[in-house]
Amino acid sequence: MTKLILQLRIVLAFVLLIGATNISYSKSDEVILLEAQLNDATSLEDRFELMMKLSFVLRRTSPVKGIEYAEEAYEIAQQENNREWITECLIAFSTNSCFMGKKTDALNYADEALVLAHKDNYEDLIANAYHIKGLTYFFMGMDKKAVKHYHKALEINEKLGRTERAFMQLNNLSLVYRDIKRYDMALEFLERCDALVDLIEGENKYKTFVNFNKGYVYLHMKEYDKALKHVMEATKVNEHWNDTVDIAISYNTIAVIKNEMGFYEEAKEYAQKSLDFAKTIGMKESEIYAIHTISEADNRLGDFENAISGSTMALNLSDTFQSKRYIEGILETLVSSHRSVGEYELAIRYQDRLLEYRDSMFNLEKQHMLDDLDIAYITREKEEENQLLRHENEEIAHVVTLQKKYNLLSIGFGLLFLVLSATLFLALKTRKKNNKKLEAAIDKRTKELVDKNEALQISNRELERFAHVASHDLKEPLRNISSFANLIRRRISSTDDQDLKEYTTFIINGTKQMDNLVQSILSFARLSDNVEYEFSYVNMEEIASQIKAHLSLKIQERNVQLNIAPLPERVFGNSDLLLLLIKNLIENGIKYNEQEQPIINVHAVEHEGSFQFVVQDNGIGIEEEYFKKIFGMFTRLHNRMQYQGSGMGLSICKKIVTQHKGNIWVTSKVGEGSTFTFTIPKRVIASDSIHSSEKILESVEV
């Protein structure tokens with residue numbers, strides 16, 4: 001019987017995948033009413049407006065149909081040559097593409113809409129375009145970009161008095177802060193939503209939004225009783241209004257809470273209800289989430305075969321709809337379930353995919369703290385900007401009021417010479433006083449900016465000290481782990497347990513990777529903007545000779561042809577840093593090279609104010625879209641199974657060039673090699689008097 005259930009679930013997954021591109025079109029009462037009005041409408045303006053409403057209403061339940069209505073409206077807009085209508089249609093295309101899972105299309109349509117909206121200053125449409133971009137980035141897991149775009153939309157909607165729209169932006173910002181584990185900020189934004197609820201028509205529904213999202217925040221905070229209380233209250237209202245979309249989401253959230261509380265059978269019941277609603281209205285994201293929740297409950301109950309079949313179905317749907325939000329949890333369930341039934345090969349295969357997924361998210365994970373600080377800074381910056389604008393507007397209004405009074409006095413007493421003279425005297429005196437006030441305000445603002453800049457510098461120095469201390473503290477336990485793992489491997493060398501040997505190899509390789517990463521962070525921390533290395537005139541020919549000596553063994557092993565043309569003999573810089581810079585670029589050309597004989601060419605060109613150095617290889621090349629990204633911290637274009645490294649090498653190269661007040665860039669064609677170019681000014685003036693006595697950086701793998 002269990003095998004039969006497994007086969008039926010696999011067939012069901014196959015049917016779902018075939019029908020995935022034709023999302024079901026379920027007509028609600030609102031859709032039926034709007035379509036009836038559209039059939040009776042005669043004017044183009046009425047038809048356009050009704051098509052736009054239908055496209056918006058259908059965005060979550062039937063986005064394919066929503067796009068069809070938007071396309072019909074677009075034809076009318078083009079026929080009438082109405083730029084505002086065309087912009088609305090582009091936003092409708094973007095919105096429905098986002099809910100279909102076509103994130104790239106959604107961003108492209110939103111960008112087109114922004115160009116037109118800015119050109120004609122349609123502020124309401126600018127806000128709508130920023131909102132859908134923020135939502136798309138949120139679905140893609142790019143929280144930092146989502147926050148920026150939500151804030152832009154919120155600022156415009158508050159300015160225009162669009163309370164309902166402002167509510168949605170505040171609500172969405174709470175979701176982003178929830179996902180990055182800033183629960184205090186999430187609850188703060190939800191409290192701001194609460195303050196707007198009474199001003200919006202249909203306030204009960206909006207109170208439900210706030211209640212539900214509070215429950216979700218408490219779920220992430222592991223306060224399950226509070227979470228269940230809030231979500232249950234929201235679910236009752238959704239059931240009362242028969243809102244199938246929100247009912248599906250609420251049921252699955254209850255299921256997740258029940259799972260965490262250990263009530264697995266109840267969790268499955270609620271998740272199944274959510275799945276039934278999601279299938280009815282074609283919500284693929286909710287389908288994936290519900291199937292995953294059921295599988296997780298099965299796994300915890302020990303029903304591993306059903307857990308495997310359900311998780312496989314959820315994974316296939318996630319791949320089809322490019323949904324990444326639940327992939328990690330699904331893969332973890334598959335690894336656990338396959339291991340529990342003794343299917344170790346499948347467990348290892350899914351474990352490899354899980355590691356690959358986590359590796360692909362490496363940059364986001366390692367940047368999490370910095371992104372959190374960035375987002376908090378964006379929030380403070382927006383609040384400060386708004387407060388400053390309000391203050392400036394008040395000052396302007398005060399000045400305008402004074403000016404009106406002066407004008408009235410001038411007109412009223414214009415015929416009286418003595419009174420006019422007195423009035424002019426008072427006006428000049430007042431203007432002088434206002435000028436003093438303005439100068440005082442400017443001085444105050446300048447001081448505030450200086451204070452903020454000093455605070456930012458202090459924060460940067462603290463982050464650098466944090467990276468330095470944390471990296472040093474990590475090296476000792478890493479050495480211990482590696483040493484004991486080697487002792488274990490020698491102790492079990494005579495055994496036949498291949499799995500145990502393989503596990504110790506994983507531990508040793510992992511500690512090596514971690515040690516390389518720690519060394520990379522230490523190296524980057526040493527390259528502080530607050531520390532000036534000693535600069536003098538450097539003979540680059542001597543640098544070239546040292547590089548050849550350092551790389552001689554690697555050159556022989558890989559049969560490398562290293563061609564270094566005559567280099568300048570007087571370059572103003574730090575010899576150790578310049579050696580590391582060129583050495584790293586040459587090593588990259590060797591590492592990312594699959595030719596039988598890697599060829600590296602190095603030469604320099606002298607310009608009027610700088611030297612331009614070029615390092616060219618015949619390696620695998622880089623796609624154009626990554627030309628700028630590769631210089632960021634922890635950026636890797638390949639997984640560690642292909643090429644070893646920490647993703648720090650090129651960021652260190654960029655840091656060195658920046659220390660020398662130069663620029664660095666890359667040009668490349670995939671399969672034909674890459675050319676890295678950097679400039680060094682003929683004379684760099686040191687900004688600080690501090691000289692580093694610390695050991696110059698070690699070579700770092702990219």
Side-chain angles (χ1 to χ4, degrees), residues 5-6 8-17 20 23 99 101 138-141 175 178-179 215-216 219-220 222 224 227 231 245-341 346-347 349-351 353-358 361:
I5 293 173
L6 176 61
L8 288 174
R9 285 201 175 191
I10 294 173
V11 171
L12 177 58
F14 181 69
V15 171
L16 284 171
L17 290 173
I23 299 173
F99 281 95
F138 174 68
F139 284 157
M140 295 169 72
L175 299 180
R178 179 202 71 200
D179 278 5
Y216 220 109
L219 167 60
H220 282 260
K222 302 187 185 304
Y224 301 124
V231 176
V245 173
D246 288 334
I247 289 174
I249 297 171
S250 297
Y251 280 162
N252 202 73
T253 305
I254 294 172
V256 172
I257 297 171
K258 293 286 187 180
N259 252 343
E260 295 302 323
M261 296 176 75
F263 304 135
Y264 305 128
E265 292 294 348
E266 293 182 38
K268 288 177 65 175
E269 291 177 10
Y270 276 105
Q272 186 61 51
K273 290 180 182 179
S274 174
L275 180 59
D276 293 341
F277 275 105
K279 287 179 180 178
T280 302
I281 56 182
M283 289 178 63
K284 295 303 177 185
E285 289 275 353
S286 293
E287 281 189 46
I288 296 168
Y289 197 15
I291 295 170
H292 169 52
T293 305
I294 294 172
S295 302
E296 180 61 22
D298 283 332
N299 185 50
R300 295 183 183 187
L301 285 167
D303 189 355
F304 301 117
E305 291 190 358
N306 280 335
I308 289 170
S309 63
S311 296
T312 303
M313 182 189 303
L315 184 62
N316 290 335
L317 286 172
S318 296
D319 290 339
T320 301
F321 290 96
Q322 300 177 349
S323 175
K324 295 183 178 181
R325 285 207 166 267
Y326 314 116
I327 283 182
E328 185 170 12
I330 294 169
L331 290 171
E332 288 174 347
T333 302
L334 283 167
V335 171
S336 173
S337 299
H338 280 296
R339 185 187 296 133
S340 297
V341 296
L346 287 173
R349 189 179 74 185
Y350 285 115
Q351 180 70 34
R353 179 166 176 183
L354 179 60
L355 292 174
E356 184 177 346
Y357 170 80
R358 287 172 175 169
M361 302 298 289

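One-based numbering along the sequence shown. No experiment lies behind these values; they were computed from the predicted model shown.
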**Request:** Just do the salt bridge (charged side-chain N to carboxylate O under 4.0 Å, His left out) check on Lys268 and Glu296 with the steps written out, would you?
**Result:** CA-CA 9 Å; Lys268 288 177 65 175; Glu296 180 61 22; over 6 Å; no
**Item:** Residues Glu269, Lys273; criterion salt bridge (charged side-chain N to carboxylate O under 4.0 Å, His left out); working and verdict
**Value:** CA-CA 6 Å; Glu269 291 177 10; Lys273 290 180 182 179; 6.0 Å; no
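The aromatic rings of Phe139 and Phe99 lie perpendicular to each other, with more than 60° between the two planes, well past the 30° mark.
In this structure, CG on Asp276 lies 10.0 Å from CD on Glu287, to the nearest 0.5 angstrom. Atoms CD1 and OG, from Ile294 and Ser311 in turn, are 10.5 Å apart once rounded to the nearest 0.5 Å. Considering OH of Tyr357 and CG of Leu331, their distance stands at 8.5 Å, rounded to 0.5 Å. Ser340 OG to Asp303 CG: the interatomic distance, rounded to the nearest 0.5 Å, is 11.5 Å. Here the CD1 atom belonging to Ile330 is positioned 8.5 Å from the CG atom belonging to Asp319, to the nearest 0.5 angstrom.
When all heavy atoms of Ser337 and Asn299 are compared, the pair lying nearest together is OG-OD1, 2.9 Å. Summarising the geometry of Gly215 relative to Val231, their closest heavy-atom pair is CA-CG2, 3.8 Å, with the distance given to 0.1 Å. Taking each heavy atom of Ile257 and Tyr224 in turn, the nearest pair found is CG2-O, 3.9 Å. The two residues Tyr251 and Phe277 have their closest heavy-atom pair at CE1-CE1, 3.6 Å. Taking each heavy atom of Ala278 and Ala248 in turn, the nearest pair found is N-CB, 4.2 Å.
With respect to Thr293, the side chain to side chain donor-acceptor pair (under 3.5 Å) criterion is satisfied by exactly one of Asn259, Asn252, Thr253, Asp298: Asn252.
Distance alone, capped at 3.5 Å, places no donor-acceptor pair between the Ser336 side chain and the Glu332 backbone. Side-chain atoms of Ser295 come within 3.5 Å of backbone N or O of Ile291 as a donor-acceptor pair. A donor-acceptor contact shorter than 3.5 Å links the side chain of Ser309 to the backbone of Asn306.
Residues Ile249 and Ser274 fail the side-chain proximity criterion, which asks for heavy atoms closer than 4.5 Å. Counting only heavy atoms from C-beta outward, the side chains of Tyr350 and Leu315 approach each other to under 4.5 Å. Using a 4.5 Å heavy-atom threshold, the side chains of Leu301 and Glu265 count as touching. Considering only heavy atoms from C-beta on, Leu275 comes within 4.5 Å of Gln272 through its side chain. Between Tyr264 and Lys258 there is no side-chain heavy-atom pair separated by less than 4.5 Å. At least one side-chain heavy atom of Gln351 sits under 4.5 Å from a side-chain heavy atom of Arg339.
By the 4.0 Å N-to-carboxylate-O rule, Arg353 lies too far from Glu328 to be salt-bridged with it.
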